[in-house]
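Working notes, beginning with the structure itself.
If you're wondering where the values come from, they're calculated on a predicted model, not measured in any experiment. All residue numbers in this chain count up from 1 along the given sequence.
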Amino acid sequence: MRLSVLALALCGAATPLLAQAVDRSLPARPDASIRVHALAGRIRITGWDRDTVAVTGTVPPAAGRFFMGGGERGVKLGVDGDGPATPGVLLDIRVPARAIVWVKTATGDIEVSRVTGSLDLYTVSGRVRVEGERVRQVYAESMEGNLEIQAESVTLVRLKTASGAVVVRSAVEDLVVSNVSGVTEVSGSRFGRGRLDTVTGAIAFQGSLDRGGGYLFESHSGPVEIRVPQGTDAEWDVTSIAGTIRNGLTAQRPQASSTTKSSELHIVTGVGGAGVTVRTFRGNVTLQSP
């Protein structure tokens with residue numbers, strides 16, 4: 001009898017715990033606030049035309065317990081776990097397209113598509129990717145992961161990372177990117193105003209400038225390359241302390257500063273208008289048309 005009980009106990013201990021299957025939904029207003037939290041895994045958020053937040057996916061036992069609650073004005077959901085970040089979490093979340101979405105994770109990847117409202121996305125080492133047509137605003141931050149935006153247009157963008165790459169392929173009315181060592185690549189049909197800064201990473205910018213806009217590019221030792229259409233209406237103020245300046249927009253050559261050892265370039269293209277300032281310490285600067 002004791003042997004039988006022991007054998008059953010051992011069999012039970014050897015049986016793996018099954019992942020929790022998630023299939024939940026709650027009604028929500030079109031502009032509801034949605035908060036998502038999970039330490040790890042993959043979070044995919046898709047906007048749709050229903051006044052509902054619907055979640056499907058799987059949660060491994062070691063990751064914690066799935067939770068979801070709230071009312072029509074706001075829904076909170078995610079994985080509640082106190083242990084170490086465990087991969088394997090997969091959440092597919094459908095939200096009203098105009099919703100305000102906040103996501104926080106440690107090592108998880110965040111993917112958002114077809115959401116036209118506001119996005120606040122935070123991860124430590126995961127990747128953030130936003131796709132869609134028109135998005136009102138995107139705040140995204142990652143220490144090590146890449147930040148990617150590919151949309152027709154975004155009104156406001158704020159991106160910050162330490163070593164991850166930043167890729168923006170969208171028209172943006174107001175753009176700010178802060179990077180430390182990762183590459184920053186920005187391209188789009190139009191930029192209303194913008195600021196891109198880095199320490200050692202490269203900056204590559206291509207797009208049309210608003211004649212009334214202001215643009216600032218700053219780098220310590222990373223190269224800065226700016227491509228704008230021929231005849232862009234802008235006033236350029238470029239300075240590099242120890243780097244070189246290559247001007248492919250006009251015939252004017254950079255000059256040595258009369259007070260410092262820096263190289264300076266002050267030019268006007270088109271009839272002037274947009275104010276473009278470039279500052280580097282050791283980074284090389286290249287200005288040219290596509």
Just do the side-chain contact (heavy atoms from CB on, under 4.5 Å) check on V135 and T116 with the steps written out, would you?
CA-CA 4 Å; V135 186; T116 61; 5.9 Å; no
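- Between D174 and R158 there is a salt bridge, since a side-chain N of the basic residue sits under 4.0 Å from a carboxylate O of the acidic one.
- Under 3.5 Å, the side chains of E131 and S113 contain no donor-acceptor pair of N or O atoms.
- Of all heavy-atom pairs spanning D237 and H266, the tightest one is OD1-CE1, 2.8 Å.
- When the ring-ring contact (aromatic ring centres under 6.0 Å, His included) test is applied to H37, no partner is found at least two apart in sequence or on another chain.
- The one candidate from P27, S25, P96 that meets the side-chain contact (heavy atoms from CB on, under 4.5 Å) condition with V53 is P96.
- Closest non-hydrogen pair, T200 versus S221, comes out as CG2-OG, 3.5 Å.
- Side-chain atoms of V36 and I93, non-hydrogen and from C-beta on, do get closer than 4.5 Å to each other.
- Here the closest heavy-atom approach between residue R253 and residue Q255 is recorded as O-NE2, 3.3 Å.
- Residue pairs meeting the side-chain hydrogen bond (donor to acceptor under 3.5 Å, both in side chains) criterion with at least one member in residues 203-214, sequence neighbours excluded: R190-D210.
- Annotation for F191 and G207: closest pair CE1-CA, 4.1 Å, computed over non-hydrogen atoms.
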Set out, in order, the CA-CA distance, both residues' side-chain angles and the distance that settles side-chain contact (heavy atoms from CB on, under 4.5 Å) for L196 and L216, then state yes or no.
CA-CA 6 Å; L196 283 67; L216 174 62; over 6 Å; no
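- Residues satisfying the ring-ring contact (aromatic ring centres under 6.0 Å, His included) test with F217, not counting sequence neighbours, are F205.
- By the ring-ring contact (aromatic ring centres under 6.0 Å, His included) test, Y139 pairs with no residue at all, sequence neighbours left out.
- Of all heavy-atom pairs spanning V276 and A234, the tightest one is CG2-CB, 4.2 Å.
- The 12-atom threshold is not exceeded at CD of E133, counting heavy atoms of other residues, nucleotides or ligands nearer than 6.0 Å.
- Checked against T280 for a side-chain contact (heavy atoms from CB on, under 4.5 Å), the options T239, V238, V224, I203 give a single hit: V224.
- Exactly one residue among T123, V112, V103 makes a side-chain contact (heavy atoms from CB on, under 4.5 Å) with I43. That residue is V103.
- Pairing each heavy atom of G126 with each of S142, the nearest pair is O-OG, 3.2 Å.
- For residues 89-98, the set of pairs meeting the side-chain hydrogen bond (donor to acceptor under 3.5 Å, both in side chains) definition, not counting sequence neighbours, comprises R44-D92.
- V55 pairs in a side-chain contact (heavy atoms from CB on, under 4.5 Å) with only one of the listed residues (V22, D23, L26), which is V22.
- The pair R169-E148 does not count as a salt bridge, with every side-chain nitrogen at least 4.0 angstrom from each carboxylate oxygen.
- Looking only at atom types and distance, the side chain of N284 has a donor-acceptor partner in the side chain of T244 under 3.5 Å away.
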T286 vs R246, test: side-chain hydrogen bond (donor to acceptor under 3.5 Å, both in side chains). Steps then yes/no.
CA-CA 5 Å; T286 302; R246 178 178 175 270; 5.1 Å; no
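- More than 12 heavy-atom neighbours from other residues, nucleotides or ligands sit within 6.0 angstrom of CZ on R127.
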Apply side-chain hydrogen bond (donor to acceptor under 3.5 Å, both in side chains) to residues T269 and W236 and explain how you reach the verdict.
CA-CA 8 Å; T269 55; W236 302 77; 3.0 Å; yes
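- A salt bridge links R195 with E218: at least one charged nitrogen is closer than 4.0 Å to a carboxylate oxygen.
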Side chains of residues 59-73: which donor-acceptor partners sit under 3.5 Å, not counting sequence neighbours?
none

Dump the intermediate steps for side-chain hydrogen bond (donor to acceptor under 3.5 Å, both in side chains) on T184 and N179, then the final yes or no.
CA-CA 7 Å; T184 299; N179 205 333; 3.3 Å; yes
